[in-house]
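Since the structure comes first, as structure tokens, the remarks are kept for the end.
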Amino acid sequence: MSSHGLTVGFLAEIMQGNELENPVVQILGSKRIAGSGEQSERFRLLISDGKSLYSYAMLGTQLNDLHRQGKLQEYAIIRIDRYTTSVVNRNEKGEKRVLIIVDVTVLKEGSLVGEKIGNPQPMTDTPSQAAAASGGPDKPAPSRPMDTLGGAGNNAGNRSMSGNSTQNASLTDSLTHPISSLSPYQNKWVIKARVMSKSGIRTWSNAKGEGKLFSMDVMDESGEIRVTAFKEQCDRYYSMIEVDKVYFISKCQLKPANKQYTSLKNDYEMTMTNDTVVQECKETDGSLPEIQYNFVPISQIANMEPNAMIDVIGVCKQAGEVVQFTARTSGRELKKREVTLVDSSNASVELTLWGEDAQNFPASANPVVQLKGARVSEFGGGKTLGLVGGSMMKLNPDSEVGHKVRGWYENGGSDASISSVSARTGAGGGGGFNTEWLTFQEAKDRNLGSGDKPDYFQVKAMIHTIKSANAVYKACPQTDCNKKVIDQENGQFRCEKCNAEFPNFKYRLLVNMLIGDWTSNRWVTVFTELAEEMLGKTSQEIGSSLEFQKEEAEKLFGSISFKSFVFKLRTKVEYFGEQPRNKTSAVSAAPVNHKQYNALLIKSIQELTGVGKN
DNA sequence: CCCCCCCC
């Protein structure tokens, strides 16, 4: 039976702690391990080397996209170009070794293979005998001794259950755990991780007490995690920890990460405890596993919640001066600089830099700005970005994405028509110019208008019906008063608001029309100025024709029926007694600019399908 | 156990 080039026996080898280069295996299944949200989802593969089946192959999250693209489906034959193994659980029954796949090449797509190769049998956990016999030192030459970690307390995580009490705590890389395998349910581990960023020491004092802390974000090939050190641990480790250095870390407490304060791809974060051991790993080959980014197209920032933490890359199209001022509330002297970033989503966002970041920024150089863990804020209805503790800003990164966005910018991007997600729409501010495009169904699904402030959106919609009855009312003739007057039936019209009677009145319009897009429709109110614009007549003309030449008025309304406009709408729930009613009015109604509208549709299609993006 | 991150 042909093995189709599979590396038969590879799985048995790695279970023994041995390594083989570029093994070829077949995928026989995969399982999505749900994290909270797309960012932390992981895939676990069932793989075969033709002889054995193995279900503890974890896909590094950097390969998630490959999986989502369907390249790693059943029966696919892949070459594992880079991997790492790790013992995650060792007990009397044996040990469990996890294979973390870091890089792969798909040799043959599953659909072209179409069948399981050979008759692979499930692997069992390595018996403890074998584990003990070949032990940690089953690697030919343990190259990275770690003398003190764990020390007499036998704290070296995964060793403690081996039953080999005489063993010195000497640890090789093969026995460290991938960060992505850590969970609160398993505390026997050691990670080897590089510090990506480190906060300053911060103190706090509140009802629950006071203290100090610092935190750092660390990473390895499998993932990243935040580590926080409080009080004693803060004192113990703060000066030792340096950004970019690599450390062995063990015995921290894991807890669910609060996503509000981090953009790291990990469901957990950890806290140092009294038992925590941290030791610098000096013998590294200097290679820095790539930091994982989850870049958000700038156009999408418009849809993000305030306080979201995101990764963004864009070109600095414009940078303001450093502005110094005194904060009104705190009295602090602040320095800031506003920077405009653009990317190929043809959108821009304002990034606010503070203090040294503001002063050191090369304002005239139009650098590519790469942000990890930037924080989204909302101001005046627009979105802006800021940096917080764990944020990292890198200028002109020498990376594919960096060059790509630079290339886009140099090849027309700098002149592209850009819409700003930071543009202030302002509640009641006439709809602004950056109103979000939504369908009626989306507006409904999002419960638009149910908040304290009105919501605005724009939609391309056709006028289905216009109610001519009550489309006009007689209003107070005073310039700044539009209050409906009471006809005194004696040639006088009374305005309650002005507490006066007038011999005349002016017509005002309040036209209710049913407008619809392809998803749904909605009754909206069009007030005087806009109604005049849409109908091409003054309120007085429309009012008098409604009163005296009904037919002509109907004809006028008919002239815009079944016409399409781009409506900017304002929606807000209002209460009529106990009854909530969503009132929607039109702020503007512009003729459809088909070129622009088509560009919008194309962009939506690209976003929905991923086809033709970037 | 923090979680403030500034201003319009």
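Here the structure is a predicted model, which means the values were calculated and not measured. Throughout, a chain's letter reflects where its sequence line sits, starting with A, and its residues are numbered from 1.
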(request) Would you mind reading off the distance between A:L254 atom CG and B:dC1 atom P, rounded to a whole angstrom? (result) 13 Å
(message) From CD of A:E269 over to P of B:dC3, roughly how many Å is that when rounded to an integer?
(response) 13 Å
(message) As a test of reading the structure: which of B:dC3, B:dC2, B:dC7 is closest to the side chain of A:K208, going by heavy atoms?
(response) B:dC2
(request) Check the distance between B:dC6's P and A:L353's CG and give it to me in whole angstrom. (result) 12 Å
(message) Distance check needed: B:dC5 C1' versus A:R332 CZ, whole Å only.
(response) 8 Å
(request) Could you tell me whether A:R337 and A:D357 have a side-chain N and a carboxylate O separated by less than 4.0 Å? (result) no
(message) Using a 5.5 Å cut-off between ring centres and planes within 30 degrees, is A:F230 stacked on the base of B:dC1?
(response) yes
(request) Could you check how far CZ of A:R226 sits from P of B:dC1, rounded to whole Å? (result) 14 Å
(message) Does A:G211 reach a base, just sugar-phosphate, or nothing at all? Heavy atoms under 4.0 Å.
(response) nothing
(request) State which of B:dC1, B:dC4, B:dC8 makes the closest approach to the side chain of A:R202. (result) B:dC4
(request) Choose from B:dC6, B:dC5, B:dC8 the nucleotide whose nearest atom is closest to any side-chain atom of A:K336. (result) B:dC8
(request) Please state how far atom CZ in A:F379 lies from atom P in B:dC6, giving the value in whole angstrom units. (result) 12 Å
(message) Heavy atoms from C-beta onward define the side chain here; which of B:dC1, B:dC6, B:dC7 lies closest to that of A:K255?
(response) B:dC1
(request) Would you mind checking if A:E224 and A:K372 are paired as a salt bridge, meaning a charged N to carboxylate O distance below 4.0 Å? (result) yes
(message) Using a 4.0 Å heavy-atom cut-off, does A:K231 contact any base of the nucleic acid, only the sugar-phosphate backbone, or nothing at all?
(response) base
(request) Could you tell me whether the phosphate oxygens of B:dC1, OP1 or OP2, come under 4.0 Å of any side-chain nitrogen or oxygen in A:N206? (result) no
(message) Less than 4.0 angstrom from a charged side-chain N to a carboxylate O is my criterion; do A:E436 and A:R446 meet it?
(response) yes
(request) Round to a whole Å and report the spacing from CE of A:M309 to P of B:dC5. (result) 12 Å
(request) Ignoring the backbone of A:V388, work out which of B:dC3, B:dC5, B:dC7 is nearest its side chain. (result) B:dC5
(request) State, without any angle test, whether A:Q253 and A:T273 hold a side-chain donor-acceptor pair at a distance under 3.5 Å. (result) no
(request) Using whole Å, report how far CG of A:N258 lies from P of B:dC4. (result) 10 Å
(message) With the six-membered base ring of B:dC2 as reference, does the ring of A:W204 sit under 5.5 Å away with planes under 30° apart?
(response) no
(message) Donor-acceptor check, side chain of A:T176 to backbone of A:K192, threshold 3.5 angstrom: yes or no?
(response) no
